[in-house]
There are 2 protein chains.
Amino acid sequence: MTTINKLDVEHGSIVMKLLGDKTRLSIVCLLMHDECCVCELVEILQMSQPSISQHVKKLKAAEIVKERRQGQWIFYRINTDSQVYPLIESITSFFPEQQEKIIDLEKKGLRVCCD
Amino acid sequence: MTTINKLDVEHGSIVMKLLGDKTRLSIVCLLMHDECCVCELVEILQMSQPSISQHVKKLKAAEIVKERRQGQWIFYRINTDSQVYPLIESITSFFPEQQEKIIDLEKKGLRVCCD
DNA sequence: CAATTATATAATCAATTGTTTATATAAAGA
DNA sequence: TCTTTATATAAACAATTGATTATATAATTG
């Protein structure tokens, strides 16, 4: 049994505003499945690299995502430790699975893998 | 057992942007408990009447709220028939109950009642 | 170490947003 | 019908936002 931790409206509206952008909402939905690096997001969302970087920067500033550098790449993932994670999880559950976009990326050989 | 109807990101981000404003998020949280007229929202949120009217207009345009005229007053309430209502309900559940603000209004004798 | 690849950052700019002030509409009451 | 009360709307404006272009940083590879 989980008790929901209430958020204040001030903080919540900031998070909601961040998700109130088509690109960022897509990024967050995508990252719910898998971590992705910037170039993968660029390919999937068909947007410029600086634009994607600016969006993930905002998500990072709000602690919605975390980053992890691996070689040349910087991988972004959902910050499940965040106070707003339950809200994020709840919101993204209303949107369609984005997995097929990552699968398409693999098919095109554009998936970044570092082992 | 309820099956969640998925929303598309395009539509969802518009709704999220509307809730990404402190005033509108507060209004929606308040209306989850009770319908309110504009002058009650003005009093509770301590904002100008035109400002509140502009905000509820946007919420109405997105079909998040409905209006009902009663005499001089126009009461706004959550549109529970909307396709995005489950999302609204889910999001608002993360924020504190706003009931005490309506109770305070009653104590001050500022609650609008038409019978 | 020079070239390449991935990402970040900064400057610029058009578009959007939220508030205020002023005015219009519409119902109620004297 | 004139006044009051409640609400809507329009115009103006400052602030914020998101995209683009150009440049910087940082790791990799030859």
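In what follows, every heavy atom counts, from backbone to side chain, and hydrogens, waters and symmetry copies are set aside. Quick caveat: nothing in here was measured; it's all calculated off a predicted structure. Chain A is the first sequence line, chain B the second, and so forth, proteins listed ahead of strands; every chain is numbered from 1.
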Item to check | A:K101: salt bridge (charged side-chain N to carboxylate O under 4.0 Å, His left out) partners, not counting sequence neighbours | outcome: none
Checklist outcome for this item: Sorted by chain and residue number, the salt bridge (charged side-chain N to carboxylate O under 4.0 Å, His left out) partners of B:E10 (sequence neighbours excluded) come out as A:K22
Checklist entry - For B:K58, which contact category applies under a 4.0 Å heavy-atom criterion: base, sugar-phosphate, or nothing? => result sugar-phosphate
Checklist entry - Under 4.0 Å: is that the gap between some side-chain N or O of B:H55 and OP1 or OP2 of C:dT19? => result yes
Checklist entry - How close or far is atom P of D:dG18 from atom CE of A:M47, stated in whole angstroms? => result 10 Å
Checklist entry - Does a side-chain N or O from A:S48 land closer than 4.0 Å to OP1 or OP2 of D:dA19, or not? => result no
Checklist entry - Just how far, in rounded Å, is C1' of D:dG18 from CD1 of A:I27? => result 12 Å
Item to check | Per-nucleotide protein contact string for nucleotides 3-14 of chain D, where B marks a base within reach and S marks sugar-phosphate only (heavy atoms under 4.0 Å, - for neither) | outcome: --BSBBBBB---
Item to check | Residue pairs involving residues 27-38 of chain A (criterion salt bridge (Lys or Arg N to Asp or Glu O under 4.0 Å); sequence neighbours excluded) | outcome: A:D34-A:R111, A:E35-A:R68
Checklist entry - Taking atom C1' of C:dG18 as reference, at what distance in whole Å does atom CG of B:L59 sit? => result 13 Å
Checklist outcome for this item: Whole-Å distance, B:L45 CG to C:dT19 C1', equals 15 Å
Item to check | Residues which pass salt bridge (charged side-chain N to carboxylate O under 4.0 Å, His left out) with A:E63, listed by chain and number, not counting sequence neighbours | outcome: none
Checklist outcome for this item: The complete set of salt bridge (Lys or Arg N to Asp or Glu O under 4.0 Å) pairs with one or both residues in residues 72-98 of chain B, sequence neighbours excluded, reads B:K66-B:D81
Checklist entry - Quick one: A:L18 CG to D:dT16 P, roughly how many Å, whole number? => result 15 Å
Next on the checklist: If I take atom NZ in residue B:K17 and atom P in nucleotide D:dG18, what distance separates them, rounded to the nearest angstrom?
Outcome noted: 6 Å
Checklist entry - B:D21 CG to C:dT16 P: how many Å, rounded? => result 18 Å
Checklist entry - Around atom NZ of B:K107, are there more than 12 heavy atoms of other residues, nucleotides or ligands at under 6.0 Å? => result no
